[in-house]
Every structure is written in structure tokens, then in C-alpha cells.
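Position 1 is the first residue of the sequence; numbering continues from there. Side chains are part of it too, since the values below use all heavy atoms of this structure and drop only hydrogens, waters and symmetry mates.
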Amino acid sequence: MDFVAEKASLMRTGDGFQKVIITGDFVHKQRDEKGILMINVFEFLLDPQSL
């Protein structure tokens, strides 16, 4: 999954906010080259240290 549309909208928000994409797809927690965190919804909800 590339999440191009989601990443484009996040890049317009500026640097003052943490950028996170929470998805129902089974992806491993990862950060891309622009610092956007991609995480699965279950991992996000069940892991208090996910962010």
C-alpha cells in the first residue's frame, strides 16, 4: 500500500503536527522518508506506546 492521497493531505498540514496514517490493512508499523507513521488500527488501539 502506498497511501499517496493520504500522504499528500498530511504534507499540507505543516511541521507542527505528528503525521500518522491508521489503517485497517495489516501493515507493519513504519515511518517513511517524510516522517509519516503508518500503523495498523489494532496495533494503534492495543499498544499504549504505539505513537
Side-chain angles (χ1 to χ4, degrees):
M1 296 283 157
D2 196 24
F3 303 104
V4 174
E6 291 85 353
K7 288 181 182 181
S9 65
L10 286 174
M11 295 313 297
R12 289 191 298 262
T13 62
D15 289 336
F17 299 96
Q18 184 174 4
K19 295 166 178 57
V20 181
I21 297 174
I22 301 170
T23 179
D25 296 338
F26 290 101
V27 297
H28 294 286
K29 182 178 172 180
Q30 61 186 12
R31 285 198 188 270
D32 71 359
E33 66 280 351
K34 296 179 182 176
I36 299 173
L37 173 67
M38 289 174 278
I39 188 169
N40 175 271
V41 66
F42 297 113
E43 185 177 356
F44 174 75
L45 293 172
L46 297 174
D47 181 6
Q49 301 298 319
S50 63
L51 297 180

Using residues 35-47 as the side-chain source, report each donor-acceptor pair under 3.5 Å to any protein atom, sequence neighbours left out, with the distance given to one decimal.
{"from": "Asn40", "atom 1": "OD1", "to": "Phe42", "atom 2": "N", "distance (Å)": "2.7"}
{"from": "Asn40", "atom 1": "ND2", "to": "Asp25", "atom 2": "O", "distance (Å)": "2.7"}
{"from": "Asp47", "atom 1": "OD1", "to": "Gln49", "atom 2": "N", "distance (Å)": "3.0"}

**Message:** To the closest 0.5 Å, what do you measure between CG (Asp32) and CG (Leu10)?
**Reply:** 9.5 Å
**Asked** When hydrophobic residues are tied together by side-chain contacts of less than 4.5 Å, even through go-betweens, does Phe26 share a cluster with Phe3?
**Response** no
**Request:** Take Met11 and Lys34 through the test side chain to side chain contact (heavy atoms under 4.5 Å, CB included) and record every step on the way to the result.
**Result:** CA-CA 9 Å; Met11 295 313 297; Lys34 296 179 182 176; 4.0 Å; yes
**Message:** On a heavy-atom basis, which atom in Ile21 and which in Glu6 lie closest, and how many Å separate them?
**Reply:** CD1-CB, 3.8 Å
